[in-house]
Structure formats: structure tokens, C-alpha cells
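We number each residue from 1, following the sequence as shown.
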Amino acid sequence: MEVAAAAVAWKLDTTIIFPEEHLLSRLFTPSLAQKYEQLYQDNGVKFIKGAKIKHLESGPDGRVTAVKLEDGSSIETDTVVIGIGAKPTVSPFDMVGLNNTVGGIEVDGQFRTSIPGIFAIGDVAAFPLKIYNRIARVEHVDHARKSAQHCIKSLLTAHTHTYDYLPYFYSRVFEYEGSSRKVWWQFFGDNVGEAVEVGNFDPKVATFWIDSGKLKGVLLESGSPEEFQLLPKLARSQPSVDKAKLQNALSVEEALEIAQASLKTDAAV
């Protein structure tokens, strides 16, 4: 999505092909994805959804000329960006202990493996995600930096605290000069349970994930610095929140005020 936003800004004919039903299905709800898809289309990006690539075609000089899809259709192109993710190469470290469920090197809260003196951090580490009481593997630069800092602190000091990471994700697109809509959204927490979307996408939108009455995760776009600072507090505290009040909120600001008030209510209890 970020590459496409940049490419179309350079006046390149840009098409995104993906097998899912909507953009960023691992985070976006269908409703939120539809809003971003429309924004991208308004900027000139084309979509081919629910599609799989069969192979790439090349010309006499070996350069790519087209993308052939499994349904037999073909899209002419001279540049292909493949963004399909990657699996960590952890099999060489089988002797130190792997977690086959999340596909990483198993470590404890200080990133120690089962063998003394051997540590694993970043994308390859299957670590205890304390806030949700489960083993996780996180592919994000924020975690890469923080896991390294925590590990080194444990090595060099008497520090023995368990790594307490709060999942975080963000994106910034269409921020070039002359853009009709600059996009910056942040997400904190866990996108589990029921999603409540607030805002008309002009100029901002928020989505709250509520599970068993608790606020588990929140995404906000185009928020103020103060509003963005509130997000990790909400996600970490997981306050009890009135879903009906959020659903009836007339603006993102009102919804965030409701969520913030729930922090104080929980604290008082």
C-alpha cells in the first residue's frame, strides 16, 4: 500500500493485485478497508482483488512485460513489486529450541534461549507476549529495537523484568506536496472481538475493538498528538467500555472522550 501510494504520486500507472477480499485483511475491517480502497482509487490506483499470480512474462531482453493471473487474464507492466512477506529462517537453530506454532526461536522474557549464553531478538524470537498471556512473534521495527534494548539491558545489568511489549502498527502515505489527503494512522493493541467504527473519514476515522466488554485495540487516523498519545494508554489498560455509547458517538473526538472516561472509571473501581 505504501509503495503504491508513492508510485501513483510519481504519475505511474499503478495496480495492486492481492488474493484477499479487501486490503490489509489482517488488521482492517471490511468497512475500513473499503474507505481506504476508495481513497486509493480516487488517487488513481487500480485494484484486482481475490486474484492469484500464475507467472511473470518477459520480453526478448529478459525484462518483465506482463503479469499472468490464474484466471488467464494478463496485466501489462514493466515493473513488479512483490510484497508477500517472508518466513524467518530458524531451522538452523533447531538445537536451541523452536516454537512451531508461531515459527520462531523460543525465548523467555529476557530473550534467553534454552541454551545459556544464546539469545534471540527481533523477528525470529518467539517470546512471551505478557499483556495477552501468549507466545508471539512480531515482525515490526518497533519490536526489533525494543527487544534488542531489553535483551542488552538484561545482559549488562541485574535487570530481570519480563519484556512487556504492546503491539503497535502504523502507516503514513500520500504525504507528498499537493496531496489532497495526507494519511497517517496508528494502531495499538489486539484486533480481537467486535469492531466499532466511528467517523466519516473526513477528516478522520477510528476503530475500537471490544472483547468481553474490554477495549482491546484501537486504530486512529489523522489524530492530534494528544489523541495519538491516548491510544497506547487505552490498549494497555484494556478498560471496560460501553459499546453502545461508542456506537452512538457523533464524532471521533466524542468516541475518544468516552474511551478516556472509561480509564478513569476503571481506576476509581
Quick one: [atom1] on [X] to [atom2] on [Y], what's the gap to the nearest 0.5 Å?
X    : Y    : atom1 : atom2 : value
I210 : L215 : CD1   : CG    : 6.0 Å
L220 : W184 : CG    : CH2   : 10.0 Å
I121 : Q149 : CD1   : CD    : 10.0 Å

Could you check whether [Y] and [X], counting side-chain N and O atoms only, form a donor-acceptor pair closer than 3.5 Å?
X    : Y    : result
D142 : Y170 : no
E2   : S171 : yes
E197 : S31  : yes
T14  : K46  : no

Any sub-3.5 Å donor-acceptor pair from [X]'s side-chain atoms to [Y]'s backbone N or O?
X    : Y    : value
K68  : G72  : yes
S73  : L69  : no
S25  : H22  : no
N133 : L129 : no
N99  : V102 : yes
T113 : I118 : yes
S237 : P239 : no

In plain terms, say whether [X] and [Y] are close enough for a salt bridge, that is, a side-chain N and a carboxylate O under 4.0 Å apart.
X    : Y    : result
E194 : K243 : yes
D164 : R236 : yes
R134 : D190 : yes
R137 : E139 : yes
R26  : E20  : no

Minimal non-hydrogen separation, [X] against [Y], with atom names:
X    : Y    : answer
I115 : M95  : CD1-O, 3.7 Å
E21  : F18  : C-CE1, 4.3 Å
G122 : S147 : N-OG, 3.1 Å
V90  : G103 : CG2-O, 4.1 Å
A235 : L166 : CB-CD1, 3.9 Å
A4   : V45  : O-CG2, 4.2 Å

Qualifying side-chain hydrogen bond (donor to acceptor under 3.5 Å, both in side chains) pairs with a residue from residues 174-183, counting only residues at least two apart or across chains: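 Listed by first then second residue: R172-E175, R181-E221.
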Side chains of [X] and [Y] in contact at under 4.5 Å (non-hydrogen atoms):
X    : Y    : answer
L98  : I105 : yes
K214 : S240 : yes
I48  : I16  : no
M1   : L23  : yes
Y165 : K130 : no
V67  : I17  : yes

Are [X] and [Y] close enough that their ring centers fall under 6.0 Å?
X    : Y    : result
Y168 : H140 : yes
Y40  : F174 : yes
W209 : F187 : yes

Residue pair L39, N43: steps toward the side-chain contact (heavy atoms from CB on, under 4.5 Å) verdict: CA-CA 6 Å; L39 173 67; N43 279 274; 3.7 Å; yes
Residue among F169, F228, F201 satisfying ring-ring contact (aromatic ring centres under 6.0 Å, His included) with W185: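 For W185, the ring-ring contact (aromatic ring centres under 6.0 Å, His included) test succeeds with only one of F169, F228, F201, which is F169.
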side-chain contact (heavy atoms from CB on, under 4.5 Å) assessment of V205 paired with L32: CA-CA 9 Å; V205 66; L32 188 61; 4.0 Å; yes
W10: hydrophobic cluster co-members (side-chain, 4.5 Å):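 Besides W10, the hydrophobic cluster comprises L12, listed by chain and residue number.
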Option from D242, V241, N248 for which side-chain contact (heavy atoms from CB on, under 4.5 Å) with K245 holds: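 Among D242, V241, N248, the one meeting side-chain contact (heavy atoms from CB on, under 4.5 Å) with K245 is D242.
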Would you say [X] and [Y] are hydrophobically clustered, going by side-chain heavy atoms of ILVMFWY under 4.5 Å?
X    : Y    : result
I82  : L24  : no
V138 : V141 : no
I258 : V198 : yes
V8   : V3   : no
F47  : V183 : yes

side-chain contact (heavy atoms from CB on, under 4.5 Å) assessment of L256 paired with E227: CA-CA 8 Å; L256 289 173; E227 289 170 339; 3.7 Å; yes
Side-chain donor-acceptor pairs of residues 150-158 under 3.5 Å, sequence neighbours excluded:
unit_1 : atom_1 : unit_2 : atom_2 : d
H150   : NE2    : G109   : O      : 3.1
H150   : NE2    : H159   : NE2    : 3.4
H150   : NE2    : H161   : O      : 2.8
H150   : NE2    : Y163   : N      : 3.4
S154   : OG     : H150   : O      : 3.0
T157   : OG1    : K153   : O      : 2.6
T157   : OG1    : H159   : N      : 3.0

K233 atom NZ: more than 12 heavy-atom contacts under 6.0 Å: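 12 or below, so no.
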